[in-house]
Each structure stands twice: as C-alpha cells, then as structure tokens.
Amino acid sequence: MGLKVYNSLTRNKDEFEPIEAGRVGMYVCGPTVYGHAHLGHAKSYVSFDVLARYLRYLGYNVTYVQNITDVGHLTDDADEGDDKIVEAARKEKKHPMALAEYYTRSYFEDTDKLNCVRPDISPRASGHITEQIELVQTLLDKGYAYEVNGSVYFEVAKFAEYGKLSGRNVDEMQAGARVEVSEDKKSPADFALWKKAEPNHIMQWPSPWGRGYPGWHLECSVMSMKYLGATIDIHGGGLENQFPHHECEIAQSEAANGAAFVKYWMHNNMVTVDGQKMGKSLNNFITLKQAFSGAHERLTRGYDPLAIRQLILNSHYRSPLDFSDAALFAAQSGYEKISEAVKAIRKRLGEAGEGEADEKIVDELTALTERFQTAMNDDLNTSVALSVIFDLVRLAGRVLEGGKATAGTLNSVDRLFRELGGDVLGVVKDEYEQAGSGDEARTDAVVRILIEQRAEARRNKFFAKADELRDKLDEAGVVLEDTPDGTEWRWK
RNA sequence: GGCGGCGUAGCCAAGAGGACUAAGGCGACGGUUUGCAAAACCGUUAUUCGUCGGUUCGAAUCCGACCGCCGCCUCCA
C-alpha cells in the first residue's frame, strides 16, 4: 500500500501519485516576517517538514519551496489597513527590510532548532515584484481583473470555481460577513492583486498602474509557478489560510494558466494554549524562543526544541493541538526516554564485540518498520509512528538488558533509530553532545571529585554521608546514576 | 448569521462498522535490580469511548437529538 494523503480539495484521503514519476514539487505557506515564530507556526512547519522527510524516505526527489513574506500582507483582509511589515517596522523604528531580515533570521534559527530541514528554496516576495506585475498584467489581459485608481482587483465573478476549496459560496457569505467594502471594488469578494501606494509609503515599486505594491495572495501563485511549474503536487499551509488566501491563489493561478494549480491541498489544524486560541490579547501567546527558554508565565520551565517537536508529532497534523505546560512536560520526559535509549545503544555499540545480528531481533525490527510505514502511509499518522519508536525503545532496553548483544544487533537497532526516529520524524539526533568540552569538562571534573567522595563513603558503609552528598548534588541539579561500570551523572 | 471540527483512562493522544475484553506517551502503583535511590526491565492502571435514542447479527466507529468545547468567515500558521 502506498502513501495516502487527505486532500482538502477532494475532501478525501487520496492515493498519492506525483505528476511526474519520482519527483515531488511541494509549496508550503511560510512566515510573514514581522515577529518571532510561535507555537502555531511550529505545528505547521514541523508537520510539513515530516511530509517532506517522509517523501524523501520513500525515495522521491522532493523540491520544497516555502515563501518568506516580506511585503504585501495587510493587517486587514478586506484589502484595507496597512502592510504588516510596515506597521511593525514603524513600531520598532526600523526600515521594513531590516525588520524583515531580522525576523527571517529569527525564523530560521527557531526552525533549525526544531530540526526542520530547510526548504530547498525560500523565496522572498519582495524579490519577485517583476513576476508579480507580469501575473497581474496577464490577468488584466485575460479579463479576470480590472484597474481602479492605480489598484488592480481580481474579479471573483469571472472565476466560476471560486470557493471550490473552502466550500464557500460567495453570495451566501455576504450576509453575515463583517468585511467592510472598499468603494473601488465591483464586488466585496474581489481581492487586491496590486495596491496603489501613497507617496509616503515606504515599500513601493513602479508598475504599469503607477507606484504600488503587490497583494498578499499574489506571491504564492507567482513563486510556486516560477519554481515548481503551473501545476504543483502539494500545497501545504495552515487551515486558517484555506479561505481566503488559498482560494484566491487558486483563482489567480488557474485563471492565468488555464491549468489546475495544485493536485493535493494539505492543511494542518490549529493550536490552542491551555484550551484557548492563542492570541496576543489573551496573554497566552507563546513564541518558540519563549518555549525554549521557559520565559513565559504559562510555563514552569524551558523545553527542549525536540520535545516540542515530539509533542507536535504526538497528535495528528489535522487535529487541533493544545499546548499546556503539562503536555510539554510529558513530551519532555518522553523525548528524554528516547534519547537515553539511543545513547545507551550507541555507548554499548562502542564496546561490543563483532557478531552477526540476532535473527529474532531483526524480525522484530522488520515488523516495527512495517508498522511505522503503514502508519505514515495513512495520511501521516505520526502518533502511531511515534508509538513505534517507543516500542523500539523498549526493544532497545531488552537488547541491552542481557549484556551480550552483538555489534550486529546493536547496529540494526541504532540504524532503525536513525532512519525512523531521525531521518523521518526528526526526534532522534545523529550525535548527542558529550560532556568533555569547555565548561562542561570543568564541571565534569568537579562533579567527579564529589562522586569519588561519595564512593569512598559507600566503600566504608557510611551511607548517611553518601546519601547526603547525593542529595546535595541533586539540589544543585546533578542526578547520580550508579551503574555496574561506576557512577554516571547528568543534569536534572 | 454562514461554514467546519472536536468530546476516548488523572493528563496528552491513536483507533472511524467485527483481530477493540480500545495503541503509544506522561503520571501513579507493584515487582526485578540497588546498602537505599536513580536509570533500566517486567507488570497493573478505560468491561468502556460526552448524554439519550436509532440503524445493524455486531457501534468508540453509521444516523438523529441534546449537552459541552474549539476554530474559520477580522488579525493570526
């Protein structure tokens, strides 16, 4: 059985078949860089990162494009209001491009920590103004758009299929919508392709219709077309962008090209914090940097970025995910459990003698791999895939327990951790930091002196003294573990 | 007002008509191990899937009503 993905367009789990055999072009809506990325971004980027990783695991040659929106995203979807970047730049007293650059770097910093593989291309909207103007001109030439006072709008009435993705009927929507209608538009549903810029507007470019800037929806059409062709395999993004953003992309692209825009539309569900929508006004808005450091009043501690990644993968990408301190804490424990198992296997691997892999173990590993693939093939059921990793952890524990596992067996276990846990899910690292460099080495030396003191006390059966040392180290954040090979320590 | 989703153990979360007397994680508890711990391993922890009805030989899974929660249609991934 091959991969099936839920296609928002067909509202069905469709068999995945790329347009061109062996190659996949995927485009995912990226950040508007006017602030630090938050937990909501993380769910989207991690979800699609796993999709790209799994497609590669299956052997596809994937080209992953994700835009960086640095112009054109207005604070108001009724095509009024200011550009988000410009507004934020004004507040931070920076040039808009400096602000965009700052938050673009911040975005990559955070997604790198989440172990998201970088997109192959991260095109900037501001770098594709020429192409955007060309698309607007094409739409005008074909009669799908009209110009009013230096702005150009897409005439939704001309595109009969408008609404096919989101299942909305434009006429029915008008009644209760609170969208204020611009006087320039023929219909409230029409959307801006190009906006006229006032003379003092910082970001503006010359165009056939005067100086202005592109509408937000335009960039995704233009950049996906430019790098992936008129029809792409997968377009991903957050559910909240299904309407109007993606609907508008379809209208522009298909009207201009006369060809289907996207074969598989995939949408990830939203994030809540403590059961409520995350919003700046609710005081539950948590950025990734805050989640990593713990600098937020809703959090009791900082969390490992990969623990956050694991929490995201613990539920399905199409299910809503609630971030709470308790959920993060549980994910952190679970993440550490996996890490410790991988480290233990690799440590033993360094000491194990040569030997073929145990056939029984190999059979079990094969069964686990099959379960993993079946789960992932079913619209990326990462929750079950992750449970397979935990079964692998238990298997690893059993393998180590006997003390006489061969290098072959240990290698097989480690390889599965690397392929499934690492390459696909991204929660197992290739290398784990080892104590032994810089400050860590000095700390290690000091802790070892205390460990030796305790060992001395234990040898002499002064257990009270030994326990006191252990308790005090614990208070200082150092946990001791007595193993057959001596005492190890780690940070609490 | 229009559209959509969800409600599974103390918590997080899979499962979507019969292999379910319901995965996995966290937590808790018991055992092995330990001087005692920690870690690891083994085991226990939902006779039941919001409530009430219906369809069916069979329902957590389908249908209906009701209750509760959440989201989109404004900013937001």
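Proteins get letters first, then strands, A, B, ... in listed order; numbering begins at 1 in each.
For Thr10(A), the side-chain contact (heavy atoms from CB on, under 4.5 Å) partners are Asn7(A), Asn12(A), Asp14(A), not counting sequence neighbours. For the side-chain contact (heavy atoms from CB on, under 4.5 Å) test, residues two or more places apart in sequence or in another chain that qualify with Glu240(A) are Met270(A). For Asp423(A), the side-chain contact (heavy atoms from CB on, under 4.5 Å) partners are Glu419(A), not counting sequence neighbours. Among residues two or more places apart in sequence or in another chain, the ring pair (Phe, Tyr, Trp, His ring centres under 6.0 Å) test is passed with Phe154(A) by Phe191(A).
Rounded to an integer number of Å, the gap from Phe390(A) CZ to C42(B) C1' is 18 Å. Summarising the geometry, the separation between OH on Tyr27(A) and P on A77(B) is reported as 14 Å, rounded to the nearest angstrom. Distance CZ (Phe285(A)) to P (C75(B)): 15 Å, rounded to an integer number of Å. Between the CG atom of Asn269(A) and the C1' atom of C69(B) there is a distance of 14 Å, rounded to whole Å. Here C26(B) presents its P atom at 14 Å from CD1 of Ile389(A), a figure rounded to the nearest Å. The separation between Tyr103(A) atom OH and A77(B) atom C1' is 17 Å, rounded to whole Å. Here A23(B) presents its P atom at 22 Å from CG of Leu313(A), a figure rounded to the nearest Å. For the pair Met376(A) CE and G15(B) P, the computed distance is 13 Å after rounding to whole Å.
One finds a side-chain N or O of Asn381(A) lying less than 4.0 angstrom from the OP1 or OP2 phosphate oxygen of G15(B). In this model, the phosphate group of G25(B) is approached by a side-chain N or O of Arg394(A) to a distance below 4.0 Å at OP1 or OP2.
Here, G54(B) and G68(B) have their C1' atoms 22 Å apart, quoted to the whole Å. On the P atoms, C66(B) is 14 Å away from G2(B), given to the nearest whole Å. Distance check on atom C1': G1(B) versus U55(B) gives 34 Å, rounded to whole Å. Taking atom P in both A59(B) and U74(B), one finds a spacing of 44 Å when rounded to whole Å. Across the C1' atoms, G24(B) and G18(B) are found 23 Å apart, a figure rounded to whole Å. Spacing of P atoms, C26(B) relative to A39(B), comes out at 11 Å, to the nearest Å. Only the P atoms considered, U56(B) is 25 Å distant from U48(B), to the nearest whole Å.
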Step by step, would you call Arg124(A) with Ile68(A) a side chain to side chain contact (heavy atoms under 4.5 Å, CB included)?
CA-CA 5 Å; Arg124(A) 272 72 166 171; Ile68(A) 302 283; 4.1 Å; yes
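Closest non-hydrogen pair, Ile389(A) versus Ile338(A), comes out as CG2-CD1, 3.8 Å. Phe463(A) and Arg458(A) get closest at one heavy-atom pair: CE2-O, 4.1 Å. Between Ser8(A) and His267(A), the closest heavy-atom pair is OG-ND1, 2.7 Å.
Judged by the 6.0 Å and 45° rule, Arg318(A) forms a cation-pi pair with Tyr6(A). A cation-pi contact, defined as under 6.0 Å to the ring centre and within 45° of the axis, is absent between Lys113(A) and Phe292(A).
A donor-acceptor contact under 3.5 angstrom links the side-chain atoms of Asp467(A) to the base of G35(B).
For Lys13(A) (side chain) and Lys4(A) (main-chain N/O), no donor-acceptor pair under 3.5 Å exists by modelled atom type. Distance alone, capped at 3.5 Å, is enough to place a donor-acceptor pair between the Glu247(A) side chain and the Ser166(A) backbone.
A13(B) is unpaired under the criterion used here, namely a Watson-Crick or G-U wobble arrangement in which both key atom distances are under 3.5 Å. Summarising the base pairing, G64(B) is matched to C52(B) through a Watson-Crick or G-U wobble pair whose two defining distances lie under 3.5 Å. Across all strands shown, C20(B) forms no Watson-Crick or G-U wobble pair with both key distances under 3.5 Å. Of all nucleotides present, only G2(B) satisfies the Watson-Crick or G-U wobble test against C72(B), with each distance under 3.5 Å. Base-pair partner of A39(B): not found among the strands shown (Watson-Crick or G-U wobble, both distances under 3.5 Å).
Counting non-hydrogen atoms under 4.0 angstrom, Val271(A) reaches a base of the nucleic acid.
Contacts between residues 114-125 of chain A and RNA chain B, defined by a heavy-atom separation below 4.0 Å, involve no residue at all. Non-hydrogen atoms lying under 4.0 Å from RNA chain B are contributed by Gly40(A), His41(A), all within residues 39-47 of chain A.
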With the criterion being N/O to N/O and under 3.5 Å, what pairs connect the protein with nucleotides 37-40 of chain B, and how long is each?
from   : atom 1 : to        : atom 2 : distance (Å)
A37(B) : N6     : Asp482(A) : OD2    : 3.3
A37(B) : N1     : Asp482(A) : N      : 3.3
A37(B) : N1     : Asp482(A) : OD2    : 3.2
A37(B) : N3     : Arg470(A) : NH1    : 2.9
A38(B) : N1     : Asp482(A) : O      : 3.1
A40(B) : O2'    : Glu401(A) : OE1    : 3.2

Taking only N/O atoms, report every protein-nucleotides 59-61 of chain B pair under 3.5 Å with atom names and distance.
none

Below 3.5 Å between N/O atoms, which protein atoms pair up with nucleotides 6-13 of chain B? Just atom names and distances, please.
from   : atom 1 : to        : atom 2 : distance (Å)
A13(B) : O2'    : Asn314(A) : O      : 3.3
A13(B) : O2'    : Ser383(A) : OG     : 2.9

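You'll find the ring centres of Tyr227(A) and His128(A) inside the 6.0 Å limit.
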What side-chain donor-acceptor pairs closer than 3.5 Å can you find for residues 464-477 of chain A, not counting sequence neighbours?
from      : atom 1 : to        : atom 2 : distance (Å)
Glu468(A) : OE2    : Lys472(A) : NZ     : 3.2
Asp474(A) : OD2    : Lys492(A) : NZ     : 3.1

Please set out all donor-acceptor pairs under 3.5 angstrom arising from side-chain atoms of residues 44-52 of chain A, sequence neighbours excluded.
from     : atom 1 : to        : atom 2 : distance (Å)
Ser44(A) : OG     : Asn268(A) : OD1    : 3.0
Ser47(A) : OG     : Lys43(A)  : O      : 2.5
Asp49(A) : OD1    : Val117(A) : N      : 2.7
Asp49(A) : OD2    : Arg53(A)  : NE     : 2.8
Asp49(A) : OD2    : Arg309(A) : NH1    : 3.0
Asp49(A) : OD2    : Arg309(A) : NH2    : 2.8

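The stretch residues 446-455 of chain A participates, sequence neighbours left out, in these side chain to side chain donor-acceptor pair (under 3.5 Å) pairs: Asp444(A)-Arg448(A), Glu452(A)-Arg459(A), Arg454(A)-Asp482(A).
Between Asp363(A) and Lys360(A), no side-chain nitrogen of the basic residue sits less than 4.0 Å from a carboxylate oxygen of the acidic one, so the salt-bridge criterion is not met.
A19(B) has its base syn relative to the sugar, with a glycosidic angle deviating from 0 by at most 90°.
Here CD of Glu219(A) is found 9.5 Å from OG of Ser126(A). Values are rounded to the nearest 0.5 Å.
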